[in-house]
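In what follows, chains carry the letters A, B, and so on, assigned in the order in which the sequence lines appear, proteins first and then strands, with residues in each chain numbered from 1. These figures come from a predicted structure and were not determined experimentally.
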Protein chains: 2
Amino acid sequence: MVQCMTARLDASFAALSDATRRGVLEQLGRADSSISDLAGKFRMTLTGMKKHIGVLEEAGLVATEKVGRVRLCRLGPRRLAEETAWLEAYRRHWAARFDALDSVIEDLQQKEKAHGRKRQK
Amino acid sequence: MVQCMTARLDASFAALSDATRRGVLEQLGRADSSISDLAGKFRMTLTGMKKHIGVLEEAGLVATEKVGRVRLCRLGPRRLAEETAWLEAYRRHWAARFDALDSVIEDLQQKEKAHGRKRQK
DNA sequence: CTTACACTGAACCATATGGTTCAGTGTATG
DNA sequence: CATACACTGAACCATATGGTTCAGTGTAAG
């Protein structure tokens, strides 16, 4: 789990690219859970869930601890600070890029909102 | 490219999980580029780069337009608003979760700092 | 017209991913 | 002790990913 920033971004974005894993993170935000808890909640085998937990743990997003025969999963040490920073930087860059092109940004915002206002171009 | 939110999150986080693609987005933030431009800059074949562009386009992060024999690539309509929102919600949840467990958060922050120091480049 | 150039598509390859089953191992518990 | 239960690991499977080469197609330029 010792990795440079680009590898960390790779790992955490990849971890977040699966709906099940995002769901697991949300669940663990509510309560620590065992692997079978999660497997049940997301309707998949224990083994399958363990793999997801492995991915999340590798990315530092989940931490686990074996307690008796149960493996307890909780949110891990990483707070996705770098990932948030990357996204924010991107959004700033995006805005800057299109501020230079008034008509284009206007057009795109209209399209995105899909608010039925007629285009003027 | 019409997809529900969870599929969009899947697609965009997956698109961002590759360093080359993140690089392409940064590059396109600076200047629109042709596929061969990008292929050259990232030292890979035209075909390889076209696949990356395909992924980014599918995720709505890049838009392209054929101009003569060149395909012009620029930043796409999506501003990663939902992705940012997801991350922010996670971070808020993370904080809330560990505010309830003083000693634990302290421990984890120390661990994270220690790791950060070791990982410094 | 000819040539070069940018792209496109198909085919291929190695590896990764997301899931399964099955056969253990270790720990509670009656 | 016996049994059930939680996990673990290996093996397998289908599909996806990240890259390549090669053989086109279409357009620009000489």
query = Is there a Watson-Crick or G-U wobble partner for C:dC22 with both distances under 3.5 Å, and if so, which one is it?
reply =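 Matched C:dC22 with D:dG9 under the 3.5 Å cut-off.
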inquiry  = Rounded at 0.5 Å granularity, tell me how far CG in A:L87 sits from CG in B:L80.
reply    =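 Between A:L87 CG and B:L80 CG, I get 5.5 Å after rounding to 0.5 Å.
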ask   = Can you list, by residue number, the residues of residues 11-27 of chain B that have a non-hydrogen atom closer than 4.0 angstrom to DNA chain D?
value =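 Going residue by residue through residues 11-27 of chain B, the ones with a heavy atom under 4.0 Å of DNA chain D turn out to be B:D18, B:R21.
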query = Just to confirm, is there a sub-4.0 Å distance from OP1 or OP2 of D:dT17 to any side-chain nitrogen or oxygen of B:H52?
reply =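 Indeed not, no polar side-chain atom of B:H52 lies that close.
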ask   = Do any side-chain nitrogens or oxygens of B:R71 fall under 4.0 Å of OP1 or OP2 in C:dT8?
value =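 For C:dT8, OP1 or OP2 has a side-chain N or O of B:R71 closer than 4.0 Å.
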Between [X] ([atom1]) and [N] ([atom2]), how many Å, whole number?
X     : N      : atom1 : atom2 : result
A:L46 : D:dC5  : CG    : C1'   : 10 Å
A:L38 : D:dA6  : CG    : P     : 13 Å
A:R43 : C:dG19 : CZ    : C1'   : 16 Å
B:K66 : D:dA28 : NZ    : P     : 10 Å
A:I53 : C:dG18 : CD1   : P     : 13 Å
A:L56 : C:dT17 : CG    : P     : 13 Å

Under the side chain to side chain contact (heavy atoms under 4.5 Å, CB included) rule, collect the residues that match up with [X], sequence neighbours excluded.
X     : value
A:S34 : A:S36, A:D37, A:V70
A:A14 : B:S17
A:R43 : none
B:A63 : B:R74

Pairs under 3.5 angstrom, nitrogen or oxygen only, protein versus nucleotides 9-13 of chain C, please.
from: C:dG9; atom 1: O6; to: B:T47; atom 2: OG1; distance (Å): 3.2

query = Which salt bridge (Lys or Arg N to Asp or Glu O under 4.0 Å) pairs, counting each pair once, include a residue from residues 12-24 of chain B, with sequence neighbours left out?
reply =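 Salt bridge (Lys or Arg N to Asp or Glu O under 4.0 Å) check on residues 12-24 of chain B returns A:D10-B:R22.
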inquiry  = Heavy atoms from C-beta onward define the side chain here; which of D:dT20, C:dT8, C:dT21 lies closest to that of A:T45?
reply    =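 Of all the options, the side chain of A:T45 is nearest to C:dT21.
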ask   = Which residue, A:G48 or B:S34, contacts DNA chain C at a nucleotide closer to its 5' end, judged by nearest heavy atom?
value =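 Nearest-nucleotide comparison on DNA chain C picks B:S34.
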request  = Sequence neighbours left out, what pairs pass ring pair (Phe, Tyr, Trp, His ring centres under 6.0 Å) with at least one residue falling in residues 37-59 of chain A?
outcome  =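 The answer is none; no pair qualifies.
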key: Common cluster, A:V55/A:L9, ILVMFWY with side-chain heavy-atom separation under 4.5 Å   =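 A:V55 does not cluster with A:L9.
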ask   = What residues, two or more places apart in sequence or in another chain, satisfy side chain to side chain donor-acceptor pair (under 3.5 Å) together with B:E82?
value =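 Residues passing side chain to side chain donor-acceptor pair (under 3.5 Å) with B:E82: B:R8, B:R78.
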key: side chain to side chain donor-acceptor pair (under 3.5 Å) contacts in which one or both residues fall within residues 60-73 of chain B, not counting sequence neighbours   =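 Qualifying pairs, neighbours excluded: B:E57-B:T64, B:T64-B:R71.
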inquiry  = Quick one: does any side-chain atom of B:R91 pair with a main-chain N or O of A:R79 as donor and acceptor, under 3.5 Å?
reply    =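 Yes; at least one donor-acceptor contact below 3.5 Å.
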inquiry  = Going by the rule salt bridge (Lys or Arg N to Asp or Glu O under 4.0 Å), which residues pair with A:E26 if we only count those two or more places apart in sequence or in a different chain?
reply    =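 Once residues adjacent in sequence are excluded, A:E26 has no partner under the salt bridge (Lys or Arg N to Asp or Glu O under 4.0 Å) criterion.
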ask   = Base, sugar-phosphate, or nothing for A:I35, non-hydrogen atoms under 4.0 angstrom?
value =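 Sugar-phosphate contact only - A:I35 comes under 4.0 Å of backbone atoms but never of a base.
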note = Once base and sugar-phosphate atoms are separated, protein heavy atoms under 4.0 Å mark nucleotides 24-30 of chain C, 5' to 3', with B, S and - as --BBS--
